[in-house]
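Okay, so here's the structure we're looking at.
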Amino acid sequence: MRILISNDDGYLAPGLQALADALAAIADIVVVAPDSNRSGASNSLSLDRPLSVSKAANGFYFVNGTPTDCVHIALTGMVDQRPDLVVSGINNGQNMGDDTLYSGTVAAATEAYLFGIPAIAFSQVHSGWSEVESAARVARDIVQRRFDTLEAPFLLNVNIPNLPYEQIGPLTATRLGRRHQAEPVIRGQDPRGREIFWIGAPGACRDAGEGTDFYATSQGRVSITPLQVDLTHREQLASLRGWLE
Ligand code: MN
């Protein structure tokens, strides 16, 4: 099996190394990741400049671009053979509910999915890399499962509690929860006295009930949400048609 690995925390991130180490034992891996932390990059492509690829001492390729750039160039000519699976992560912190719209980790997997390749995004619930090795073992467990009863291609969003491997609960199918709106912007001043703004923290959980990713991980379980790309609000089509008449 050939696996392409990317992330959004950059090619030096411990989560990427742990994931690559775990999967190198069971597959032929290629790692193509951003040269710096591009968390929050979502599905952005760099169209205003060329991308350059460098190879690190450990064999990882790093790119002066976004996670989506990395997967895109890998799948459109940079890497010789089409991968059987693309995985992203392990991200430094959760990607649940509305996070998935902003996440570069999810975006890297989404890019592969758009090319018809099965893809999985992995994140740890808490940032800081505690128990990242056990998260990597969970990721390997998932990759080693037989996928033949799962409709392909698939796009799975996985969030793993920061617990020792033996204490991590079962793999659980979930839906995305929802957050409240984000915390207010943080105002400050730059050294020249100009006003600056830092994007605030994500909102607290709003829909975190049973069945959601938030709920499963709060119970120590591994949350797996199948994602899709079509944003069409189908229930609103009839209302829209009526409004247009
Ligand atoms: Mn990140």
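As the structure lists them, so they are numbered: ligands from 1, and atoms in each ligand from 1.
Using cut-offs of 30° and 60° for the angle between ring planes, the His72 and Phe115 rings count as perpendicular.
Protein atoms of type N, O or S found under 2.8 Å from the Mn ion (ligand 1) total 4.
Heavy atoms of other residues, nucleotides or ligands lying less than 6.0 angstrom from CZ of Phe60 number more than 12.
Formation of a donor-acceptor pair under 3.5 Å by the Asn162 side chain with backbone atoms of His126 is found in this model. In this structure, Ser218 contributes its side chain and Tyr215 its backbone to a donor-acceptor pair below 3.5 Å.
Defined by atom type and a distance below 3.5 Å, a donor-acceptor pair is missing between the side-chain atoms of Gln81 and Asp28. In summary, the side chains of Ser223 and Asn159 do not present any donor paired with an acceptor at a separation below 3.5 Å, with no hydrogens or angles considered.
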